[in-house]
Amino acid sequence: MSKKLNLLVVGSGGREHAICKSFNESQNVANVYCAPGNSGMVSTGINTVDISELNFKDLADFAVENQIDWTFVGPENALVAGITDYFRERKLAIFGPNKFAAQLEGSKDFALKFMVKHNIPTADYQTFQSTAEAISALADFSVPIVVKADGLAAGKGVTIAGSKADAQNVIGEMLANGEHQIVLEEFLTGPEYSLFVVVNGTDFQILPMAQDHKRAYDDDEGPNTGGMGAYSPVPQLSKKDYQEMISKIVEPSINGLNKDGFDYHGILYIGLILTDHGPKAIEYNVRLGDPETQVVLPRLKTDFAEVIDNCINDIKMKQLEIDSQACLGIVLAAKGYPHAPVKGQLLPDFGKRLGISIDYANVTAKDNRLYGNGGRILSVVALQDTLSNAQIKAYEYIDSLDFTDCYYRKDIGKKALE
């Protein structure tokens with residue numbers, strides 16, 4: 001790179017904070033802006049910009065006025081709504097799939113049809129627009145049954161129904177609450193893994209593996225959430241199983257994108273489950289995950305800004321260099337999350353602790369103090385020589401703080417360390 005870059009990151013959560021911090025560490029970057037960002041980001045040198053992630057015109061105007069070299073899109077809603085298409089029409093460089101390709105996350109049915117077309121192993125499924133037809137089809141499924149909202153649901157549009165009566169209720173609720181179609185899926189058993197691929201057309205590189213914890217409470221109890229914590233690497237995954245994930249799922253997915261003319265330049269997340277019959281794809285996302293990003297990017301020794309800049313400029317990516325250290329993140333959520341989160345709780349002064357970083361998400365500032373603003377408030381992230389030490393460090397730190405109206409899981413990383 002001949003000059004230092006001015007970058008814009010779109011989004012406001014913990015994922016975007018981690019992305020901004022990673023870009024800020026690059027010697028090739030002059031300024032990192034985040035729109036709309038959040039009040040906690042400012043403490044780490046991020047310039048927040050008060051523009052909504054769906055206000056494409058003002059975001060593009062800001063990029064022009066501030067000589068932004070390229071924009072990185074964090075959240076799925078902006079991608080599905082077509083931010084990439086809008087920026088490209090205005091001849092502005094942006095990293096993220098276009099509106100057509102973003103259907104891989106925007107529609108479960110679209111993604112599953114893509115998997116079937118390209119022989120990517122996944123669950124048996126059926127799609128419905130009618131409550132009566134969906135209920136009638138329950139006879140084709142054994143319990144538990146997975147019921148999915150077809151559209152975006154911020155990671156919470158999946159219900160695992162333990163009985164056909166429960167499934168009937170969920171189907172009725174989803175279709176009555178504005179979902180135009182739902183998907184019924186075979187329930188797959190096995191450990192779940194998160195795999196992130198940086199895609200530059202036919203060229204791709206795989207980021208470090210991570211494992212997320214979707215359920216609200218310890219031992220995977222409670223409702224589905226956007227994610228309550230994550231860790232990387234995943235030592236319980238064998239090299240053989242990992243290679244099978246690459247050959248049976250990653251490579252056919254990338255080949256499928258190119259065969260179908262997607263012109264994909266962005267992140268492809270693949271949610272996987274390792275069944276007794278080998279790995280199967282559960283879903284695609286078209287962006288980095290939250291909270292996995294917070295534990296994946298700290299392990300990347302390769303300059304992440306340079307990786308994305310190469311994609312923007314269609315330069316072949318180099319092999320990624322991964323740190324041998326382990327990273328573990330614990331999400332602090334508002335009491336009542338995910339259904340009725342409490343807002344306005346005063347947060348403690350976090351100070352600085354060696355080996356610990358904070359990625360802020362739903363926070364607001366008043367009189368130089370931070371307050372919770374609902375949902376997932378922040379992530380406490382530890383980077384250590386081993387996963388066990390990262391777990392100890394993160395919990396020692398979060399347990400030492402005084403929180404009100406907040407909660408967190410006490411078992412992040414347990415699956416790897418057993």
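The distance from atom CE of Met245 to atom OH of Tyr193, rounded to the nearest 0.5 Å, is 6.0 Å. For the atom pair CG (Leu383) and SG (Cys327), the distance works out to 5.0 Å, reported to the nearest 0.5 Å. Atom-to-atom distance recorded for Arg299:CZ and Leu320:CG is 11.5 Å, nearest 0.5 angstrom. One distance of note links CG of Asn362 with CD1 of Ile377; it measures 7.5 Å at 0.5 Å rounding. Between Met209 atom CE and Ile322 atom CD1 the span is 12.0 Å, to the nearest 0.5 Å. Note that CG of Leu257 is 6.0 Å distant from CG of Leu268, once rounded to the nearest 0.5 Å.
Looking only at distances, a side-chain donor or acceptor of Asn55 sits under 3.5 Å from a matching main-chain atom of Asp58. Here the side chain of Thr275 pairs a donor or acceptor atom with the backbone of His277 at under 3.5 angstrom. Under the 3.5 Å distance criterion, the side-chain polar atoms of Asn255 are matched with a main-chain donor or acceptor of Glu251. Here the side chain of Tyr284 pairs no donor or acceptor atom with the backbone of Leu112 at under 3.5 angstrom.
Counted by atom type alone, Asn28 and Asp303 present one or more donor-acceptor pairs between their side chains at under 3.5 Å. Side-chain N/O atoms of Gln126 and Glu185 include no donor and acceptor closer than 3.5 Å. Donor-acceptor pairing under 3.5 Å is lacking for the side chains of His118 and Ser253. For the residue pair Asn285/Glu76, the side-chain donor-acceptor check at 3.5 Å is not satisfied. Judged purely by distance below 3.5 Å, without hydrogens or angles, the side chains of Glu321 and Thr302 never pair a donor atom with an acceptor atom.
Between Tyr408 and Tyr395, the ring planes lie tilted relative to each other; the angle falls in the 30° to 60° range. In this pair, Phe196 and Tyr269 present their aromatic rings tilted. The plane angle is within the 30 to 60° band. Ring orientation note: the planes of Phe262 and Phe100 are tilted relative to one another, at an angle of 30° to 60°. In this pair, Tyr407 and Tyr217 present their aromatic rings tilted. The plane angle is within the 30 to 60° band.
Salt bridge status for Asp220 with Lys414: absent, with no side-chain N to carboxylate O gap under 4.0 Å. Note on Lys316 versus Asp203: salt bridge recorded, some NZ/NE/NH1/NH2 to OD/OE distance being below 4.0 Å. Checked for salt-bridge contact, Lys3 and Asp69 meet the test: a charged N lies under 4.0 Å from a carboxylate O. The pair Asp124-Lys280 fails the salt-bridge criterion, with no side-chain N (NZ, NE, NH1 or NH2) lying under 4.0 Å from an Asp/Glu carboxylate O. Comment: Lys214 does not engage Glu192 in a salt bridge, judged by the lack of any side-chain N to carboxylate O separation of less than 4.0 angstrom. Note on Lys410 versus Asp399: no salt bridge recorded, every NZ/NE/NH1/NH2 to OD/OE distance being 4.0 Å or above. Under 4.0 Å is where a charged nitrogen must lie from a carboxylate oxygen, and between Lys318 and Glu306 at least one such pair does. Using a cutoff of 4.0 Å between basic side-chain nitrogens and carboxylate oxygens, Asp290 and Arg376 are scored as salt-bridged.
Nearest heavy-atom pair across Phe56 and Ala81 is CE1-O, 3.6 Å.
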- [ ] List the steps and the verdict of side chain to side chain contact (heavy atoms under 4.5 Å, CB included) for Leu184 and Val147.
- [x] CA-CA 5 Å; Leu184 297 184; Val147 187; 3.9 Å; yes
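Under the 4.5 Å side-chain criterion, counting only non-hydrogen atoms from C-beta, Phe95 is in contact with Ile267.
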